[in-house]
Amino acid sequence: MGPAEKAEHLLGLSLDRMHEYLSWRADDLDPYRLAAQTQVIRVVAMVAANFGGEAARERERQRILSEMTQREFRDGA
């Protein structure tokens, strides 16, 4: 599941609806809408952070595999 699908699943909202929530000015909101906007911000931030961490781990994994492959073929030659 990609980050967009994960956020949609966790919030039960479409991306368009999340965008609408985030477009609201926080200083004009009643407590319920402010709580909804805060929840969207929190979930989107956490999903983005997790996705960024996964991407960094994948880059590191690829770097290590590349180094190991180069070392194996260089030493074997």
*T69 side chain to L65 main-chain N or O, any donor-acceptor pair under 3.5 Å?*
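Confirmed, T69 side chain pairs with L65 backbone.
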Item checked: Donor-acceptor pair, side chain of E8 and main chain of S14, under 3.5 angstrom -> no
The complete set of salt bridge (Lys or Arg N to Asp or Glu O under 4.0 Å) pairs with one or both residues in residues 41-59, sequence neighbours excluded, reads E58-R61
Check your understanding: Can you tell me how far CD1 of I64 sits from CZ of R71, rounded to the nearest 0.5 angstrom?
Key ->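 Reported value, rounded in 0.5 Å steps: 10.0 Å.
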* With hydrophobic residues grouped by side-chain heavy-atom distances under 4.5 Å, do V43 and F51 end up in a single group? -> no
ask   = Does M46 belong to the same Ile/Leu/Val/Met/Phe/Trp/Tyr cluster as I41, with side-chain heavy atoms less than 4.5 Å apart forming each link?
value =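 In one cluster with M46: I41, no.
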Here the pair of heavy atoms bringing P3 nearest to V47 is O-CG1, 3.4 Å
Using the test side chain to side chain donor-acceptor pair (under 3.5 Å), find all partners of D30 that sit at least two apart in sequence or belong to another chain.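 By the side chain to side chain donor-acceptor pair (under 3.5 Å) rule, D30 matches no residue at all.
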With R63, which residues qualify under side chain to side chain donor-acceptor pair (under 3.5 Å), at least two apart?
->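 Result, side chain to side chain donor-acceptor pair (under 3.5 Å) vs R63: E60, E67.
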Contact between M18 and L15 at the side-chain level, heavy atoms closer than 4.5 Å - yes or no?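 When only atoms from C-beta onward are counted, L15 and M18 do touch, with a gap below 4.5 Å.
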